[in-house]
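Read the structure below first, then the notes.
Because the structure is a prediction, the values reported are computed rather than measured. So that the names make sense, note that chain A is the first sequence line, chain B the second, and so on, each numbered from 1.
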2 protein chains.
Amino acid sequence: MEDRVNQIKQQLSAHNYKLTPQREATVRVLLENEEKHLSAEDVYLLVKGKSPEIGLATVYRTLELLSDLQIIHKLNFGDGVTRYEFRAEGAEHHHHHLYCLNCGAVDEIMEDLLGPIEEKVEKEFDFQIIDHRLTFHGICHRCKGQVKDPKKLVGSKVT
Amino acid sequence: MEDRVNQIKQQLSAHNYKLTPQREATVRVLLENEEKHLSAEDVYLLVKGKSPEIGLATVYRTLELLSDLQIIHKLNFGDGVTRYEFRAEGAEHHHHHLYCLNCGAVDEIMEDLLGPIEEKVEKEFDFQIIDHRLTFHGICHRCKGQVKDPKKLVGSKVT
DNA sequence: TTGGATGCAAAGTTTTTGCACTGTG
DNA sequence: CACAGTGCAAAAACTTTGCATCCAA
């Protein structure tokens, strides 16, 4: 954990940015909730719990900065909020998401399933891949058999 | 084209919705610009060109409706706007996107590359896949060698 | 002292909602 | 008449920006 904070500190200074207390608090919240895909608001509330003087704008600015430096990723699951997560450790892009249409949970697949596919795409479309996003939308194991809101899944008018 | 409008009309009436003139105009704009991934605003402006009396709210409501019925898809490429596209023709989910970080263009890959991967995921994670989103972010063939805004690609402070 | 960073509030974007009205069955 | 559908404007939700202030080098 301290290692990772230090690593980020170095990544920032390599680009002439400082790891201010606010930025550090934000980074720590992200690290402590790594698997949770927090929104900016989530991060703000968590940081505010520890350091009440921080402003929402600072959180946004910090997330934008970390995102520009590719330390974290922006994610969109179509619910109108941008979520953030750390990039996969090994510098390479590596993992994918399972988004449950019933309960909204986001689980992770930690394997990279796309290696061979990327090679094919790069060649076939003359496209230099920098990153990818792969999300499966469906019903998670927890919701199986107890879908609460079918309307969300297949629209229909309740008459 | 008329076929597809009729097909959509039937999908709507199957759920007790009508294909009103506004909805039809919206659908036609989407069909005429199928490969373009229009935002709600884009659709609104195009529809307004033909039927000036339409309201933006109606466009949003129509897109939401079509999306609930899974006639169209919502897409997010992280630029803050929701875009829309028709679902792949063959009822199955089938295609993927190439999003250029330099020029913002969105190209399509019309093959489904994920078949075997989905089987694996369904088994391994006990997750019932209804849909997927796969987007590669990178540099498109048009931009190769003439990247205009490297900052967007690798953040750095311009001092 | 100088410039980056911050907090607050105001403004900006995108999307949703309330409500009266319209048109068709 | 009933009621889905609509247009408009207001409101909401999320994010960015302006600006005075603060702080470390």
Side-chain angles (χ1 to χ4, degrees), chain A residues 8-9 12-27 29 37-45 47-48 50-69 72 74-84 104 151-152 155-159, chain B residues 8-9 11-27 37-45 47-48 50-69 72 74-84 104 151-152 155-159:
Chain A
I8 288 161
K9 185 172 182 173
L12 287 177
S13 52
H15 291 275
N16 284 57
Y17 293 106
K18 286 174 260 182
L19 185 63
T20 63
Q22 289 90 337
R23 288 178 183 164
E24 181 168 340
T26 303
V27 164
V29 162
H37 308 103
L38 304 176
S39 67
E41 188 81 25
D42 295 336
V43 173
Y44 172 64
L45 292 174
V47 172
K48 204 162 177 82
K50 301 199 234 170
S51 317
E53 73 290 355
I54 199 170
L56 178 56
T58 300
V59 170
Y60 271 103
R61 282 185 283 231
T62 300
L63 293 171
E64 186 61 29
L65 173 61
L66 295 172
S67 181
D68 281 351
L69 294 179
I72 62 176
K74 290 188 181 187
L75 302 174
N76 264 293
F77 297 111
D79 55 358
V81 194
T82 301
R83 295 168 186 285
Y84 300 86
K151 189 210 154 264
K152 281 273 173 181
S156 62
K157 183 160 73 174
V158 184
T159 309
Chain B
I8 289 161
K9 184 172 183 173
Q11 288 175 272
L12 287 177
S13 52
H15 291 276
N16 283 58
Y17 294 105
K18 285 174 259 185
L19 185 63
T20 63
Q22 290 89 338
R23 287 177 184 164
E24 181 169 340
T26 303
V27 164
H37 307 101
L38 304 176
S39 67
E41 187 82 25
D42 294 336
V43 174
Y44 172 62
L45 292 174
V47 173
K48 203 160 179 85
K50 302 199 233 171
S51 318
E53 73 290 354
I54 200 170
L56 177 57
T58 299
V59 171
Y60 272 103
R61 283 184 283 232
T62 300
L63 293 172
E64 187 61 28
L65 174 61
L66 295 173
S67 180
D68 281 351
L69 294 179
I72 61 175
K74 290 188 183 189
L75 302 175
N76 264 293
F77 298 112
D79 56 358
V81 194
T82 301
R83 296 167 187 286
Y84 300 85
K151 190 212 153 260
K152 281 271 174 181
S156 62
K157 182 160 74 173
V158 184
T159 309

When rounded to the nearest 0.5 angstrom, what is the spacing between CG in D68(B) and NZ in K74(B)? 7.5 Å
Spacing of K74(B) atom NZ relative to dT15(C) atom P, expressed in whole Å: 9 Å
Rounded to whole Å, please give me the gap between CD in E64(A) and C1' in dT17(D). 13 Å
Let me know, please, whether L56(B) or K18(A) comes out on the 5' side of the other along DNA chain D by nearest nucleotide. L56(B)
Looking only at N and O atoms, is any donor in the side chain of R61(A) or the base of dG4(C) less than 3.5 Å from an acceptor on the other one? no
Residue-phosphate contact under 4.0 Å: R23(B) side-chain N/O, dT6(D) OP1/OP2: yes
Spacing of H15(A) atom NE2 relative to dG4(C) atom P, expressed in whole Å: 17 Å
Polar side-chain atom of R23(A) near backbone of K18(A) as donor-acceptor pair, under 3.5 Å: yes
Supply the atom-to-atom distance I8(A) CD1 to L69(A) CG, rounded to the nearest 0.5 angstrom. 10.5 Å
Would you mind reading off the distance between Y44(B) atom OH and dT13(C) atom C1', rounded to a whole angstrom? 16 Å
Would you mind reading off the distance between Y60(B) atom OH and dA10(D) atom P, rounded to a whole angstrom? 18 Å
Quickly work out the E53(B) CD to dT6(D) C1' distance and round it to whole Å. 10 Å
Lys/Arg N to Asp/Glu carboxylate O, K48(B) vs E41(B), below 4.0 Å: no
Below the 4.0 Å mark, does dC23(D) have OP1 or OP2 next to a side-chain nitrogen or oxygen of T20(A)? no
Whole-Å distance separating the CG atom of N76(A) from the P atom of dT14(C): 14 Å
For DNA chain C, whose closest nucleotide is more 5', that of I54(A) or that of G80(B)? I54(A)
Rounded to whole angstrom units, what separation is found between the NZ atom of K48(B) and the C1' atom of dT6(D)? 12 Å
Closest to the T82(A) side chain: dG7(C), dT15(C), dT15(D)? dT15(D)
Should the pair K9(B)-E24(B) be classified as a salt bridge under the 4.0 Å nitrogen-to-oxygen rule? no
Output the single nucleotide from dT6(D), dT17(D), dG7(C) whose closest atom is nearest the side chain of A57(A). dT17(D)
